[in-house]
Amino acid sequence: MRRQPWGLYAIAAAILVVGLVAFGVPASTLLVAAFALACPVMMMFMMAGMHSGHDDADQHRTVNHSPQTPHTASQR
């Protein structure tokens, strides 16, 4: 499984916010934008988590080829 550079993403986001505030963008506008982006970003994280688990399971899957024996009355 690949590790993502989440720390670098957080630093880049912080630099972007500080830069936008320095250029005069109101903090309330940034807050509204953060709420608008929250849903798609959470969906990306959830979908990435779902797909990363399937790759490992497919590689380690084994098939049991042993014959099935019928249950007898004494085993029930």
Side-chain angles (χ1 to χ4, degrees):
M1 182 167 63
R2 236 175 53 205
R3 291 195 58 186
Q4 296 289 333
W6 300 117
L8 293 176
Y9 293 155
I11 292 170
I15 291 171
L16 178 67
V17 168
V18 170
L20 289 173
V21 170
F23 280 112
V25 177
S28 61
T29 302
L30 295 176
L31 188 60
V32 170
F35 281 128
L37 290 175
C39 184
V41 169
M42 285 190 294
M43 183 62 72
M44 287 180 0
F45 283 119
M46 288 189 302
M47 296 302 279
M50 284 177 44
H51 292 294
S52 66
H54 291 294
D55 295 338
D56 294 337
D58 289 340
Q59 292 174 358
H60 300 294
R61 183 175 294 164
T62 58
V63 178
N64 186 5
H65 293 291
S66 63
Q68 299 274 333
T69 57
H71 293 287
T72 61
S74 64
Q75 291 177 340
R76 290 184 188 175

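Bear in mind that the values here come from a model prediction, so they are computed numbers and not experimental data.
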Given a cutoff of under 4.5 Å between side-chain heavy atoms of I, L, V, M, F, W and Y, with clusters grown through shared members, what are the other residues clustered with [X]?
| X | value |
| --- | --- |
| I11 | I15 |
| F35 | L31 |
| V17 | L16, L20, V21, V25, L30 |

Go through the structure and list residues passing ring pair (Phe, Tyr, Trp, His ring centres under 6.0 Å) with F45, not counting sequence neighbours.
-> W6

Is it possible for you to say whether V41 and Y9 belong to one hydrophobic cluster, with membership spreading through side-chain heavy-atom contacts below 4.5 Å?
-> yes

Listed partners of M44 passing side chain to side chain contact (heavy atoms under 4.5 Å, CB included), at least two apart | none

Partner residues of P40 under the side chain to side chain contact (heavy atoms under 4.5 Å, CB included) criterion, sequence neighbours left out | none

